[in-house]
S.K.: 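The following block contains the structure, expressed as structure tokens.
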Amino acid sequence: MTSPTRPRVDRVVAVVVHHKSYDSVGSTVGLLIDDGIDNTRVVVVDNGQEPDRRAELAALLPDGVHLLFEENRGYGAAVNKGVEYADSLGVPYDYLLVSTHECRVETGAVETLVAALDRNPEAAIVGPTLTSGEGDEFIWSAGGLLTPRLRLPRHYFHRAAEVPPQADAEVGREWLDGAFLVTRRSALRDRAVDERFFMYMEEVDHHVALRNRGWKILWIPSARVWQSSGGIPPYYLGRNMQLFQRWNGTPISRIAATPWSIAHRALSDVRHRKGLNSVSAMIRGWKDARGVRDLAGGPVVIVNPLGGALAHYERELTDVIQEVGHSTITLSAFEPSHSGGSRLGWLSAYFRLLIRSRLTKKRHTTVVVWPALGYLDAVLVRLLAGSRAFVVLHDPSPLVRSVGYDGVSIRLARVLAGDRFIIHSEAAERVTKSSNIESTVLPHPVLAPIQRQGDSPGRRVVRVLGQYKPDRDLVALEEIAVSICDKDVELEILGRGWPEVKGWTVTDEFLSEQDFDDAVDSASVVVIPYRKFFQSGVAIRCFERGTPVVGVGGTSLDELVGVDRELLVGPSYSSTWSEAVKYALERKELGDQPESNAVRMASLAGWNHWLGSVS
């Protein structure tokens, strides 16, 4: 186990973006490995599109390093592909290091950056002091700022001989240079790099977006990395400056920032007698930015009153909505179990979020991802969030007594609210119909499923994940324990409130988002031991990450398992829980399954159609 007092360099996956730099990439990768990153945790994404040199590139890299070949869709696409591949490896990691192909990391820099993220859980990204120059080395970047009026990106201490002495171990910045960054895994999932920039300035856009979501961006002065850079080519400076201002600027900067930059370049070139070729390229880029699409649909405001428990659902919903062409704005609050506050304070914060959602200037749709007050939320969102606000009703008939699910609340929702609820299963629809509550059935939002890479681990683990609830089938778990006698198979339950279950190792603990993903990735099989449920977020998560699930047939699990009906229990399925688990343990990977894509496509199609109807 890693010592909690040491930075977790062994919890880092490194992605090196390579484009036709065969002289430098081997050194870049070698220095990362020398600084503590294991060979098998380094992924090189090559977008040079030179198939005749692939063998040459592979020979330059140490054994064990992963090498991907991608068409050249730019830096952002290469980073996103690296993240997708890192997730598919099935190894636990907390942080993703991204480096371009020519960076040279100084000894200890990776550990210093990881330590900074360990100390600052609110930080999304940290970056080093970047230096450049051969012989007379100088500062390339110590993080960046945006100028007050025109929001022009500027480096701190750019081309200075050295940075002044820094009293702080880390310094807040508005953005960091994308040449070398260490990013918290959850932040990259929260907001991927926008690939529409193609080259340059996507990191500025990305960091501004993360700061707007409440994350911090930190420059770490004591970590140093050398890089070679010639700056931004004029064409991309004009193009991407205009895109950045279009999506992040003020009314003034959207109009004036790029023309001011072009005029500044023109005066500089005339002064230095360089001609106006670079100015012409900037103007072409400025004009070409008009052809880059905005997200087509109107904005969707996502209100999440359970910022801890529903963080992953929020990410799934955000991903689906953005994929079908709508921009999103997220407003969230943490529930008392995460924030330590009172229930009254949490409800007050939730009411404020609903009011804020109504104040969004553009015509928009609001989706509340959890009803804090049950059926009463239908009335509440209509009053506070407006006529185009809807509530996702995950459990229309909770087993545990909850506020807002009584007869009076249901009648108020039926009379005053209209069609406000979104539900995710036919079983849930039957419950709402029985109470004459109008609802819209939409597919559960689903991330694009991952195809796992490499061999399965030797240790075989059957897991149950999540907190104990009265509808958990303990008899089914005991039957599995009696029938699975293989000493090489471990049976584990991870979650709060579980009683002892014969034959299973029970760990009573809360799983963070990262811990949950790690537990899914390292499991051979995940069991969903419910007697009754409307949909399973755990099963969806396993589906997304390529881990087989065992559960009750004739439910929402059917579409997730596709042709593998033996994974489910019931008539026309496996006859017992242990039979289904044994099948899952012996099951061979089937590669790309059309059912996997079908589930994702159905989710996209359902939400796209609904958003089009309510926009």
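Everything quoted here is computed from the prediction, not taken from an experiment. Starting from 1, each residue takes its place in the sequence as its number.
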S.K.: Can you check side chain to side chain contact (heavy atoms under 4.5 Å, CB included) on Leu89 and His66, steps first, answer last?
M.R.: CA-CA 10 Å; Leu89 292 174; His66 304 270; 3.6 Å; yes
S.K.: Between the main-chain N or O of His19 and the side-chain N or O of His101, is there a donor-acceptor pair closer than 3.5 Å?
M.R.: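 Indeed, once roles are kept as given, a pair shorter than 3.5 Å links the two residues.
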S.K.: Which heavy atom of Val9 sits nearest a heavy atom of Gly36, and at what distance?
M.R.: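 Scanning both residues, the minimum pair turns out to be CG1-O, 3.4 Å.
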S.K.: With a 4.0 Å cut-off, would you call Arg11 and Asp518 a salt bridge?
M.R.: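 Yes.
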S.K.: Ignoring hydrogens and angles, tell me if any N or O in the side chain of His609 forms a donor-acceptor pair with the backbone of Gly612 under 3.5 Å.
M.R.: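 Not confirmed, His609 side chain does not pair with Gly612 backbone.
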S.K.: Students often mix this up, so state it plainly: with edges at 30° and 60°, are the rings of Trp346 and Tyr350 parallel, tilted or perpendicular?
M.R.: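 It falls in the parallel class, under 30°.
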S.K.: Is the closest side-chain heavy-atom distance between Leu494 and Phe516 below 4.5 Å?
M.R.: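 Not touching, per the 4.5 Å side-chain cut-off.
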S.K.: Is it true that atom CZ of Phe334 has more than 12 heavy atoms of other residues, nucleotides or ligands lying nearer than 6.0 Å?
M.R.: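 No - once you tally the heavy atoms of other residues, nucleotides and ligands closer than 6.0 Å, there are 12 at most.
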S.K.: Give a yes-or-no answer on whether the side chains of Glu316 and His312 include a donor-acceptor pair shorter than 3.5 Å.
M.R.: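 There is such a pair (donor and acceptor under 3.5 Å, judged by atom type) between the side chains of Glu316 and His312.
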S.K.: Quick one: does Thr129's side chain get under 4.5 Å of Ile139's, heavy atoms only?
M.R.: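 Of all side-chain heavy-atom pairs linking Ile139 with Thr129, at least one is under 4.5 Å.
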S.K.: Given 3.5 Å as the limit, does a donor-acceptor pair link the side chain of Thr28 with the main chain of Cys103, or not?
M.R.: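 Checked: pair present.
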S.K.: Would you list the pairs meeting salt bridge (charged side-chain N to carboxylate O under 4.0 Å, His left out) in which at least one residue belongs to residues 170-184, sequence neighbours left out?
M.R.: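 Residue pairs with at least one partner in residues 170-184: Arg119-Glu170.
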S.K.: Could you check whether any side-chain heavy atom of Ile33 comes within less than 4.5 Å of a side-chain heavy atom of Val29, counting everything from C-beta outward?
M.R.: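 Answer yes - side chains close enough.
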S.K.: If you take all heavy atoms of Ala169 and Pro221, which pair is closest and at what distance?
M.R.: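 Between these two residues, the closest heavy atoms are O-CD, 3.3 Å.
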S.K.: Before we go on, tell me: are the rings of Trp140 and Phe180 under 6.0 Å apart, centre to centre?
M.R.: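 So the answer is no for these two rings.
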S.K.: So, Arg420 side chain and Val391 main chain: donor-acceptor pair closer than 3.5 Å or not?
M.R.: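 No; judged by distance alone, with no hydrogens or angles, the pair does not exist.
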S.K.: Measuring from atom CD1 of Ile217 to atom CH2 of Trp175, what distance do you get when rounded to the nearest 0.5 angstrom?
M.R.: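 Between atom CD1 of Ile217 and atom CH2 of Trp175 there are 12.0 Å.
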S.K.: As a test of understanding, state which of Asn120, Val171, Leu113, Asp168 forms a side chain to side chain contact (heavy atoms under 4.5 Å, CB included) with Leu218.
M.R.: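 The option that passes is Asn120.
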S.K.: Does Asp517 pair with Arg541 as a salt bridge, N-O distance under 4.0 Å?
M.R.: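 Yes, Asp517 and Arg541 are salt-bridged.
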S.K.: To check you understand the geometry: which heavy-atom pair defines the closest contact between Ser186 and Trp215, and what is its length?
M.R.: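 Heavy atoms only, the tightest pair is OG-CH2, 3.8 Å.
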S.K.: Residues in side-chain hydrogen bond (donor to acceptor under 3.5 Å, both in side chains) with Thr183, at least two apart?
M.R.: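 side-chain hydrogen bond (donor to acceptor under 3.5 Å, both in side chains) list for Thr183, sorted by chain: empty.
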S.K.: Donor-acceptor pair, distance only, cut-off 3.5 Å: does the side chain of Arg239 make one with the backbone of Phe197?
M.R.: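 Indeed, once roles are kept as given, a pair shorter than 3.5 Å links the two residues.
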S.K.: Would you say that Leu560 contacts Ile540 through its side chain, given a criterion of any heavy-atom pair below 4.5 Å between the two side chains?
M.R.: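 Result yes, sub-4.5 Å side-chain heavy-atom pair found.
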S.K.: For the atom pair CG (Leu188) and CD (Glu84), what is the distance rounded to the nearest 0.5 Å?
M.R.: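 So the gap between those two atoms works out to 13.0 Å.
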S.K.: Is any side-chain heavy atom of Ser332 closer than 4.5 Å to a side-chain heavy atom of Val303?
M.R.: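 Of all side-chain heavy-atom pairs linking Val303 with Ser332, none is under 4.5 Å.
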S.K.: Provide the full list of side chain to side chain donor-acceptor pair (under 3.5 Å) pairs with a residue in residues 242-255, sequence neighbours left out, each pair given once.
M.R.: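 Listed by first then second residue: Asp205-Asn248, Gln242-Thr258, Gln242-Trp286, Gln245-Ser253, Arg246-Asp294, Trp247-Asp294, Thr250-Ser253.
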S.K.: Please answer whether the main-chain N or O of Gln227 pairs with a side-chain N or O of Ser132 as donor and acceptor at a distance below 3.5 Å.
M.R.: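 Here the side-chain-to-backbone pair exists.
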S.K.: Measure across Gly74 and Asn47 and return the closest heavy-atom pair with its distance rounded to 0.1 Å.
M.R.: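 Heavy atoms of Gly74 and Asn47 come nearest at O-ND2, 3.8 Å.
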S.K.: If I take atom CD1 from residue Ile355 and atom CG from residue Leu331, how far apart are they, to the nearest 0.5 angstrom?
M.R.: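 Reported value, rounded in 0.5 Å steps: 12.0 Å.
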S.K.: Does any non-hydrogen side-chain atom of Asp87 lie less than 4.5 Å from one of Arg185?
M.R.: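 Answer yes - side chains close enough.
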S.K.: Could you check whether any side-chain N or O of Gln49 sits under 3.5 Å from a backbone N or O of Asn72, counting only pairs where one atom can act as donor and the other as acceptor?
M.R.: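 Here the side-chain-to-backbone pair exists.
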S.K.: Does the side chain of Arg600 come within less than 4.5 Å of Leu604's, by heavy atoms?
M.R.: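 SC-SC contact between Leu604 and Arg600 confirmed.
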S.K.: If you compare all heavy atoms of Trp370 against all heavy atoms of Asp377, which two are closest, and at what distance to 0.1 Å?
M.R.: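 Where Trp370 meets Asp377 most closely, the heavy atoms are O-OD2, 4.0 Å.
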S.K.: From Ser425 OG over to Leu442 CG, what is the distance, rounded to the nearest 0.5 angstrom?
M.R.: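 Atom-to-atom, Ser425:OG and Leu442:CG are 12.0 Å apart.
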S.K.: Any non-hydrogen side-chain atom of Glu202 less than 4.5 Å from a side-chain atom of Asp194?
M.R.: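 A side-chain contact is absent here, since even the closest heavy-atom pair is not under 4.5 Å.
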S.K.: Going by the rule side-chain hydrogen bond (donor to acceptor under 3.5 Å, both in side chains), which residues pair with Arg224 if we only count those two or more places apart in sequence or in a different chain?
M.R.: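 Per chain and number, Arg224 pairs via side-chain hydrogen bond (donor to acceptor under 3.5 Å, both in side chains) with Glu162.
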S.K.: Is the count of non-hydrogen atoms from other residues, nucleotides or ligands lying under 6.0 Å from Leu145 atom CG greater than 12?
M.R.: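 More than 12 within 6.0 Å, yes.
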S.K.: Could you check whether any side-chain N or O of Thr147 sits under 3.5 Å from a backbone N or O of Leu152, counting only pairs where one atom can act as donor and the other as acceptor?
M.R.: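 Checking the backbone N and O of Leu152 against the side chain of Thr147, a donor-acceptor pair under 3.5 Å is found.
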S.K.: Which distance, rounded to the nearest 0.5 Å, do you find between the CE of Met241 and the CG of Leu150?
M.R.: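 Spacing of CE (Met241) from CG (Leu150) equals 9.0 Å.
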S.K.: Is the NZ or CZ atom of Arg151 both under 6.0 Å from the centre of the six-membered ring of Phe244 and within 45° of that ring's axis?
M.R.: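 Because its charged atom misses either the 6.0 Å distance or the 45° angle limit, Arg151 does not stack over Phe244.
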S.K.: Evaluate the side chain to side chain contact (heavy atoms under 4.5 Å, CB included) criterion for residues Phe198 and Asn240: first the C-alpha distance (whole Å), next the side-chain angles of each, then the deciding distance (0.1 Å), finally the verdict.
M.R.: CA-CA 9 Å; Phe198 184 72; Asn240 293 353; 5.8 Å; no
S.K.: Got a donor-acceptor contact below 3.5 angstrom from the Ser613 side chain to the Trp610 backbone?
M.R.: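 Such a contact is found between Ser613 side chain and Trp610 backbone.
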S.K.: Any donor and acceptor pair, going by atom type alone, linking the side chain of Gln535 with main-chain N or O of Ser556 inside 3.5 Å?
M.R.: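 Such a contact is absent between Gln535 side chain and Ser556 backbone.
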S.K.: Decide side chain to side chain contact (heavy atoms under 4.5 Å, CB included) for Val16 and Val65; before the verdict, give the C-alpha distance in whole Å, the side-chain angles of both, and the deciding distance to 0.1 Å.
M.R.: CA-CA 11 Å; Val16 178; Val65 170; over 6 Å; no
S.K.: For residues Asp521 and Tyr93, is any side-chain donor paired with an opposing acceptor at under 3.5 Å?
M.R.: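 Their side chains do not contain a donor-acceptor pair, so the 3.5 Å distance test is not met.
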S.K.: Could you pull out all residues at least two apart from Ser337 that satisfy side-chain hydrogen bond (donor to acceptor under 3.5 Å, both in side chains)?
M.R.: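 Ser337 satisfies side-chain hydrogen bond (donor to acceptor under 3.5 Å, both in side chains) with no other residue.
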S.K.: Can you name the ring pair (Phe, Tyr, Trp, His ring centres under 6.0 Å) partners of His444, sequence neighbours left out?
M.R.: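 His444: ring pair (Phe, Tyr, Trp, His ring centres under 6.0 Å) contacts with Tyr313, His424.
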S.K.: Any chance you could measure Tyr236, atom OH, to Asp288, atom CG, to the nearest 0.5 Å?
M.R.: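 Here the rounded value is 9.5 Å.
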S.K.: Begin with the C-alpha distance, continue with both residues' side-chain angles, and end with the deciding distance and a verdict on side chain to side chain contact (heavy atoms under 4.5 Å, CB included) for Val15 and Val79.
M.R.: CA-CA 7 Å; Val15 171; Val79 172; 5.6 Å; no
S.K.: Quick one: closest heavy-atom pair of Pro128 and Trp219, and the distance?
M.R.: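 Shortest heavy-atom contact: O-CD1, 3.6 Å.
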